[in-house]
2 protein chains.
Amino acid sequence: MELGKTSYVILGMLRKGPKSGYEIKAKADVSTRFFWAISYGQIYPELKRLEQAGLIEGQADAGSGRQRRVFSITPLGVQALRDWLTSPGELHSELRHEGVLRFFFAEALDHEERVELLHAIRAKHERLREELSAIRPAAESDEPLALLTLETGIAYQEFFVDLCDRLERRLAEIQTESTVRGS
Amino acid sequence: MELGKTSYVILGMLRKGPKSGYEIKAKADVSTRFFWAISYGQIYPELKRLEQAGLIEGQADAGSGRQRRVFSITPLGVQALRDWLTSPGELHSELRHEGVLRFFFAEALDHEERVELLHAIRAKHERLREELSAIRPAAESDEPLALLTLETGIAYQEFFVDLCDRLERRLAEIQTESTVRGS
DNA sequence: GCTCACATGTAATCCGTTACATGATTCT
DNA sequence: AGAATCATGTAACGGATTACATGTGAGC
């Protein structure tokens, strides 16, 4: 069976312990979401596929009062996860960033509007940074790599915040130049 | 008509001057690709749509020997571009980064394998940084914002290169701790 | 003459989101 | 009693990639 990256998100989450589809989503929303998002529309069908392939096993949850299926990873699943983690070849990575895209085309704007754009981008990343910082205390008891990844996420948001500040200064220089020369 | 971000990439490119679909792709491949990629499969159908909507105009190219259609942006198209550039609301941004994803799940690996993973991620971003640096000289004569955006791209790749170095050091600390304690 | 870059397009497919539908349990 | 959260799923849709098909012009 062909496994997509999403399958590995699920396998990886289950390797940390048995979980329901709902729990997988909840955990992903405070961790992998920031560099690999997944949705219910993928999770439930994929759980079915992975079970059929023998990589995970589901069982009706007796313990909790709720009616839910909890999935555990099988040795076969652990092997599939490990194989992916160590497989050579292209590490897929892509970014879709409307803010930078707009900035690239901002020659069509005037100075004021460009600055506003940078402020909007900055605000967005600051919000994300705070969101991640809020998660941090809960992650401190976690596995060390999960915490390192979270810190990476925070640093990533900070990169963009600092970037906006830098770009605003550069923009001011450009503006002064053209004003002095009189355009 | 509904315009997606891809439409604005095309409008933005045409605002810098008339171009064929092929040229739009070529320009995008050395600029917007790094934060908003587009493919031929989107470009040609979209050119048709934009022309029907009156946002661009195509004309058979007489000048060059080749048979191609060159598109120009119309005043309506410029307005649509400006409207998008200044529109408030969510700035879409998403990242899909297999390297960080793997690192998050690297608890399933041993120390050696984790370091190898970081090296692979680092190598990838270093390659991208060099790719962008190679483009730079050609962009120096360009519009200042295009150059600033390119520099942003270079800084972005550098962020990941530095990140890998930092993570490798952190990994070494973790490894030493657990070795000393004897696990 | 051959190869490479220029040039345009479409169809199949994949991946993922969104919206919807449904219902149980826990908390206030 | 009512709201919020837990919980599972599917169908429609949208966006984008890939592979394929086809042909021309320029330079070696």
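A quick note: this is a predicted structure, and the numbers were derived from the prediction, not measured. Labels below follow one simple rule: chain letters A, B, ... track the order of the sequence lines, proteins then strands, and each chain is numbered from 1.
OP1 or OP2 of C:dG16 lies within a sub-4.0 Å distance of a side-chain N or O belonging to A:T6. The shortest distance between the side-chain N/O atoms of B:Y22 and the OP1/OP2 oxygens of C:dC6 is below 4.0 Å. For C:dG16, one of the phosphate oxygens OP1 or OP2 lies less than 4.0 angstrom from a side-chain nitrogen or oxygen of B:R96. OP1 or OP2 of D:dG23 has not a single side-chain nitrogen or oxygen of B:Q67 nearer than 4.0 Å. Taking 4.0 angstrom as the limit, A:S39 places none of its side-chain polar atoms (N or O) nearer than this to OP1 or OP2 of C:dG16. The shortest distance between the side-chain N/O atoms of B:R66 and the OP1/OP2 oxygens of C:dT8 is not below 4.0 Å.
B:K48 comes within 4.0 angstrom of sugar-phosphate atoms only, judged by non-hydrogen atoms across all strands, and of no base. Base contact: B:G41 has a heavy atom under 4.0 Å from a base atom. In this structure, B:S20 reaches the sugar-phosphate backbone alone: every heavy-atom distance under 4.0 Å involves primed, P, OP1 or OP2 atoms, never a base.
Both A:I24 and A:W36 belong to a common hydrophobic cluster when Ile, Leu, Val, Met, Phe, Trp and Tyr are linked at side-chain heavy-atom distances under 4.5 angstrom. The same ILVMFWY cluster, assembled from side-chain heavy atoms under 4.5 Å apart, contains both A:Y44 and A:V9.
Ranking D:dT17, C:dT10, C:dT8 by closeness to the B:P45 side chain, first place goes to C:dT10. Considering only the side chain of B:R69, C:dT8 comes nearest among D:dT8, C:dT8, D:dA26. The side chain of A:Y40 approaches D:dT8 more closely than any other nucleotide in the set D:dT8, D:dT17, C:dG16. The side chain of A:R68 sits closest to D:dA7 out of D:dA7, C:dG16, D:dA16. Picking from D:dG9, C:dT8, C:dT18 the nucleotide with the shortest atom distance to the side chain of A:Y44 gives D:dG9. With D:dT8, D:dT17, C:dG16 as the choices, the nucleotide that has an atom nearest any side-chain atom of B:A37 turns out to be D:dT17.
Taking the six-membered ring for Trp and thresholds of 30 and 60 degrees, A:Y156 and B:F160 have ring planes inclined between 30 and 60 degrees apart.
With 3.5 Å as the limit, one finds no donor-acceptor pair spanning the side chains of A:E57 and A:S72.
Spacing between atom CG of B:D29 and atom P of C:dA5 amounts to 14 Å, rounded to whole angstrom units. Following rounding to the nearest Å, A:K25 (NZ) and D:dG9 (P) show an atom-to-atom distance of 16 Å. In this structure, the CG atom of B:L47 is 14 Å from the C1' atom of C:dT10, given to the nearest Å. The interatomic distance linking A:I38 (CD1) with D:dT8 (P) rounds to 13 Å, in whole Å. Remark: C1' of C:dG9 and CZ of B:R49 are 17 Å apart, rounded to the nearest angstrom. In this structure, CD of A:E46 is placed 15 Å from C1' of D:dG9, rounded to the nearest angstrom. Rounded to whole angstrom, the span from the CD atom of A:Q42 across to the P atom of D:dG15 amounts to 17 Å. The NE2 atom of A:H92 sits 10 Å away from the P atom of D:dT17 (whole-angstrom rounding).
Comment: A:R69 engages A:E51 in a salt bridge, judged by a side-chain N to carboxylate O separation of less than 4.0 angstrom. Under 4.0 Å is where a charged nitrogen must lie from a carboxylate oxygen, and between B:D165 and B:R169 no such pair does.
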